[in-house]
Structures are given as C-alpha cells and as structure tokens.
Amino acid sequence: MGDGRLSAAVGSSGQVISVHRHHPHWGWMHLSGFPPFDESARYDPEAVRAYRRRLEDPQAPGLRLEVDGLNLVGRRWQDGVVPEFTYRGPELEGRLTTFASEGRLHVWMSLRATGPRAPDRVRVRFEVPWGLLRASYAQVTEGGPLAAADPENRLRWTQGALVWEAPGLPAWAALWPVPRTEEKQGPAPLRVAWEEEWVLDEGCADRVLVVALSHRPPEFPHPVPGPAEVGGALSGALRERRWTAPIPRNPRLRPFVHRQLLFALDACAVPVGDATCLVTDPVLLPLSWNRDGYFIACLLGAASRLGGPMAGRARSAVLGHVRWLFRVAARPSGWWGRSHLTNGAVKDPAFQLDQQWYPVLEVARAALDWGLPEAWREHGPDALEVAWRLVREKHANGLWPTSETPADDPVPLPYHFSSHVLAWRALQLLSRLDPAGPWAQEAAALREAVRAAFTTEEGLFAYATDGQRHLLYHDANDLPLACAVRWGFCSADDPVWRRTVAFAWSPHNPGFFPGPYGGLGSLHAPGPWTLGDVQAWVVGACTGDPARLRRAWRRIRTVAFDDGLVCESYDPQTGLPRTRAWFAWPGAAAAALLLGDPL
C-alpha cells in the first residue's frame, strides 16, 4: 500500500515490515529489518530465492506495537484501500490502521473500552528493528550488479523523532513522536525498543506514529498529528480512492479491479520529476521493465476513461510513464536495457527485442485507445524514430535477433516468436497514426516472414528459431502468442495457432506444470504462473470457450492473496505462492481485460 510517493508492506499481525521510496541515485531505498543481500551470492539463484523469501515472510520483523492483554482477532481492508487490524482483550478493543498520505506513513492505534471493568491504563511495548538501505536488487538472472552501498547507519533521537541516516546513500528516515532513546551506529538494521503507559481518557486512547523517508536531511520540528487530523487524512485517502465506475458489470469483479488499480497507482507508479516510472514490484525487485510497465499501463489507460476519483491519477500516470520511457530512461546504445532503475539508469543492459517495441506500442495505444492524443503529439516522433531504426536493422530474413527471452533468460536460438507478434501489432498501429509511413507494408511483410520462419514441420509456431532449427516451448511471459487472435495477427480458427495453444497447455511443453493447480508457467521460476492464467483467459475468450475463461478466472482468484494481489508463480500441487508476492503486471493485465481492454 502507499500514496504514490511512498509505499509500505504490512505484515500478518499489523507490523510495518518495510517502507520504500524512490532515490535519485540508487533508484530505490527502503527502511526495514532486513540486512543487505550478500554481494558474494549475486550469481547464486538459490541464495537469491532464499533472501527473497525472507522479504516476503508475512511474519517478518517490523515496527510493532503490543498492548498488554490484547490479542489479534481479525483484519480487513477498509474500502479495499487501507489495512485495519483488530485486537481484543478483557473489555478492551484496539484497532490498528496504517495508511499513507502526502508522502508519509501513518500508524494509528486506537483503544476503546468495551465494558465497565476496562482498565484505565495499559502498558504498550514498541519495537523498531529497522535500517535504511538501498534496494538489494537480488535477481535470479543477474544482468549487471550495482556498486555495493555502505550499510552503515546512524540512529539518533532529536526533537521527538528517531532519525536514521545512511551516509553512504545518502538518505534519511524519521519516525515520530517517540520518547528519547539511545543513539546507535553500525550496519543496518539497528533495533530500538521502548515501553509506554497509556491512560484511557473516558475509555479511549489514541497513538499515532508517522514515518518519512527522503534523500535530504529532515526538517524539524516535525508536526505531530492528533486523532482528528489523522482521521481526516484517512477519510480523504479513502474518498480519493473510491471505486465509482459501473463496470465490470458483475459487481463481484469490481473489488479485484479496484485492488490492482490501487496497487499500480499507490505502490508502483513512481514520480520522477514530471515523469512516472512503473515498477512491477516495490519490495523484492523495484525495477522497471518496459514489458511489465506496458501491461500496467493497459489498466491505467482503461481506468483513465471511466471517470471517478482515480481516473485523473491514472491518466497522469500513463502520460508520465510515456514521458519516462522516452525522456528519462537511458538508452546508451540507442536501445532500452532489459531493466532500468526508477531514475532511468540501465540496470541490466542485455538487449531484448520486445523491450524495444513495447514503448512504441504504448504511446500508440495511448493516442488511439486511451483518449490521450497528447502522448502522440509529444512522443510520436520519438516512437517513429525507434521504429525506423528497428526496421533498418532487420536481418535479411525479415526478422530481428534478441539476446534474451521475455523471462530474462538467454535464448538458445536468435529469433523469438512472440516478440515478432508484438512488433507486428506495433507496426499496425503506427500505420494508423502515420499513414504516409511504410508501416502497413512492413507489418504485412513481417507477418509473412514470421509464418515462414517459425512454422514447424508439426504445424505449430516455434518458440524460437535460427531459420533452420526450431525450439518447441511456450512461456507464461509470452502474452503476445495468446493475444495474437485479439490483435488480428491470425484468426481464432488458424490451425497453426490452435496447435500451438494446445501444445502450450500440454505435458509436451517444458513450461507446463501438471497437478491439481497445474498450468502454464516458466522455466525461469518453475511452476504455474499467474501470467499463464491470464493467457488461458485470453485464449478462452478468443476461442469462444467460456468454460476455459471461467477456469482461468477462478484460478487467479484462488491463488491470489487475501488482499487481492497475485503472485508470480505458485505450487502446482497446493496452489500456494512460490515466488514474487508483489507482481503487478499479471493482476494489472487481468484487471484491464475485465475493463474491456484488448491488451
């Protein structure tokens, strides 16, 4: 959860596990109880996965308040926006609410007597095991490690606030109001604890803590909001995020769409000057991939046309993201990297073909489908320049090579099928925006070249080819294959596409994982992926198979967390999440489909 400037992860008992924000040099910083990743294990996938599991643990340490005599009895999401935890004891009830507003995190514990024998005072223990670090960026397929950052922190108390300073970043964090505590210095994290006695005045007591992060030193004194002020800020946050659109037509689907949109706007849309970076994961791997960002933009673009409190924010986020792609994201060799830091610096320089076409497609769709013609006016020339360069650099067979797959893995054969379907889609839209250009002819020639090069002797589309050999595989990350019919690359009764789809969801495909919760996944992280379920949904819609569509939707809802978000992959036997508890683009793609977007 967050407010678009700051985000936080809250644990299963109400503890604040981590707080995050953009950093102009390192891309991302976080205040949490986790040490930095061991740099010597950068190229050890199992060490990466083990570290990530610690970050995903809902019982991980964090800012915690424990009231004597109270036990956790329930949790809910207020209007799908704000987590609220309820605690009860003898004739006493507590409610802990955590929300972000104006770039600050508010943690509000409210105690109320529920009977005449309620205590008139209670002891409360506070624990803060935090340190301030840059994001670790621990990747399963490391593509370009950043320089190590000094983990040294200084913790001091001043004017009612705990202040963390990370000189090696530099960055600062503050928590207030708190009683005086001892100063500390050392590698992050640094643990602080204290106790307070609260007096219940007329059966009530309220305590508010505020957290802020910045790459600049904090200014003092910090304002100390009272319950009325915090209650007003909470009401405003809920009001600004209310879902008022009458779609999806089925009201039971609206909370899912609402949750994905809130996650995108509040935790993944990162202001960078007058631009907006879209990260797919604000906790484990807060990087930007053009591919992931495009599908998040599909949801934002669809939502921007619905009206209501969030439409304006969605519209601004799409326009800001297009600006970030063409004005902020670095292209040192003329091409976007595999991934970028939020500040635009290339994190992983590997060349992926689809990463070059997704920005072109996004600016075209912004103008044609999402009612944002200003995106094309401002960045259409940039998109055309990229497209012209790509056309000039095609190989003689009409195809483009790529270094990696959309799963960020090395590709054994140079030409990748679904990236070329994506290129065809972008060329088709360019022909509408720039009819004097060669785009319609290029699209027609590309489709012919793709069908000739990728169609195997078995009569299906290969995953990759070198012009002679074919690789038979399909991956959850390759949405353009499933979308080929929706986009018009082929018809729903095309026998080659039909056979390819049948192969993809069969034991013959190494990317298919059988079991009670079996489905299409990826060798990148073995197991069914929620992106595979999104593809099954699209295939069901394209083939007129409502049963398949319903099964895909039920699967997404079944494996989703109780807050409505979806993971990356899950266990084919149990359906329990395996990787990436925060993974914005499958949920965003599913929500966009529910709003009628063709992706």
Side-chain angles (χ1 to χ4, degrees), residues 289-291 294-295 338 350-358 360-361 390-391 393-428 442-492 494-506 508-512 520-524 529 531-532 534-536 538-539 542-543 599:
W289 285 260
N290 296 349
R291 174 190 319 110
Y294 169 76
F295 288 100
R338 175 214 285 178
F351 177 85
Q352 295 181 358
L353 177 60
D354 67 331
Q355 298 286 69
Q356 317 312 317
W357 283 109
Y358 273 114
V360 178
L361 179 59
L390 283 163
V391 166
E393 298 203 11
K394 276 192 305 185
H395 283 189
N397 59 5
L399 305 176
W400 294 275
T402 188
S403 299
E404 292 184 335
T405 72
D408 293 349
D409 294 324
V411 61
L413 301 176
Y415 307 114
H416 176 254
F417 174 74
S418 79
S419 296
H420 285 82
V421 177
L422 171 71
W424 177 87
R425 161 86 154 145
L427 289 167
Q428 283 288 98
E442 289 290 341
L446 178 60
R447 176 158 54 185
E448 183 176 335
V450 167
R451 295 195 73 103
F454 287 94
T455 303
T456 70
E457 292 181 357
E458 297 84 359
L460 49 82
F461 290 124
Y463 181 76
T465 184
D466 60 3
Q468 300 295 324
R469 296 171 295 163
H470 292 114
L471 174 64
L472 296 183
Y473 174 67
H474 186 50
D475 191 288
N477 288 276
D478 293 86
L479 267 68
L481 169 65
C483 292
V485 171
R486 293 176 74 92
W487 294 349
F489 180 83
C490 60
S491 65
D494 184 305
V496 180
W497 182 79
R498 286 271 187 167
R499 280 190 287 268
T500 307
V501 168
F503 163 81
W505 275 269
S506 78
H508 301 292
N509 176 19
F512 178 83
L520 178 63
S522 173
L523 294 176
H524 180 79
W529 282 39
L531 285 169
V534 172
Q535 288 199 48
V538 172
V539 170
C542 291
T543 57
L599 301 183

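Under the 30°/60° scheme for interplanar angles, the aromatic rings of Tyr415 and His395 are found to stand perpendicular.
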Query - side-chain contact (heavy atoms from CB on, under 4.5 Å) assessment of Gln355 paired with Trp289 - result: CA-CA 7 Å; Gln355 298 286 69; Trp289 285 260; 3.6 Å; yes
Report task. Evaluate the criterion side-chain contact (heavy atoms from CB on, under 4.5 Å) for residue pair Leu472 and Tyr463; output intermediate values, then yes/no. Result -> CA-CA 6 Å; Leu472 296 183; Tyr463 181 76; over 6 Å; no
**Report entry** Stepwise side-chain contact (heavy atoms from CB on, under 4.5 Å) check, Thr500 with His474
**Finding:** CA-CA 8 Å; Thr500 307; His474 186 50; 5.7 Å; no
Report task. Just do the side-chain contact (heavy atoms from CB on, under 4.5 Å) check on Leu520 and Asn509 with the steps written out, would you? Result -> CA-CA 9 Å; Leu520 178 63; Asn509 176 19; 3.6 Å; yes
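Using a 4.5 Å heavy-atom threshold, the side chains of Leu479 and Val538 count as separate. Contact of the Thr402 side chain with the Pro414 side chain is not registered, since no non-hydrogen atoms from C-beta on lie closer than 4.5 Å. Looking only at side-chain heavy atoms (C-beta outward), Pro412 and Leu471 come within less than 4.5 Å of each other.
The two residues Asn290 and Tyr358 come nearest to each other via the heavy atoms O-CB, 3.9 Å. Shown here for Leu422 and Trp487, the closest heavy-atom pair between the two residues is CA-CZ3, 4.1 Å. What you find for Gly488 and Arg447 is that their closest heavy atoms are O-NH1, 3.1 Å. For the pair Ser418 and Pro480, the tightest heavy-atom approach, listed with the atom from each and the gap, is O-CB, 3.3 Å. When every heavy atom of Ala492 is checked against every heavy atom of Arg498, the shortest pair comes out as O-NE, 2.7 Å. Shortest non-hydrogen contact noted between Ala449 and Asn397 is CB-O, 3.6 Å.
Atoms NE2 and CZ, from His420 and Phe454 in turn, are 5.0 Å apart once rounded to the nearest 0.5 Å. In this structure, CZ in Arg451 is found 6.0 Å from CZ in Phe489, a value given to the nearest 0.5 Å. Between the OH atom in Tyr294 and the CH2 atom in Trp357 there is a gap of 13.5 Å [rounded to 0.5 Å]. In this structure, Glu448 CD and Trp424 CH2 are separated by 14.0 Å, a value rounded to the nearest 0.5 Å. Interatomic distance, Phe417 CZ to Leu460 CG, rounded to the nearest 0.5 Å: 10.0 Å.
With sequence neighbours excluded, the residues satisfying side-chain hydrogen bond (donor to acceptor under 3.5 Å, both in side chains) with Gln352 are Arg291, Glu404, Asp408. Every residue two or more places apart in sequence or in another chain that forms a side-chain hydrogen bond (donor to acceptor under 3.5 Å, both in side chains) with Thr456 is listed here: Glu458. By the salt bridge (charged side-chain N to carboxylate O under 4.0 Å, His left out) test, Glu393 is found to be paired with Arg389, residues two or more places apart in sequence or in another chain being considered. For Ser491, the side-chain hydrogen bond (donor to acceptor under 3.5 Å, both in side chains) partners at least two apart in sequence or on another chain are Asp493. Residues satisfying the side-chain contact (heavy atoms from CB on, under 4.5 Å) test with Ala407, not counting sequence neighbours, are Thr405, Asp409, Asp475, Asn477, Ser522, His524. Arg499 pairs by the salt bridge (charged side-chain N to carboxylate O under 4.0 Å, His left out) definition with nothing, not counting sequence neighbours.
Side-chain contact check for Asp354 and His416: no donor-acceptor pair (N or O, by modelled atom type) lies under 3.5 Å.
In this structure, the side chain of Trp400 engages the main chain of Leu390 through a donor-acceptor pair within 3.5 Å. Put simply, the side chain of Thr465 gets close to the backbone of Arg469: a donor and an acceptor are under 3.5 Å apart. Put simply, the side chain of His470 gets close to the backbone of Ala453: a donor and an acceptor are under 3.5 Å apart. With Asp478 contributing its side chain and Leu481 its backbone, the two residues share no donor-acceptor pair below 3.5 Å.
Residues Phe512 and Phe503 keep their aromatic ring centres 6.0 Å or farther apart.
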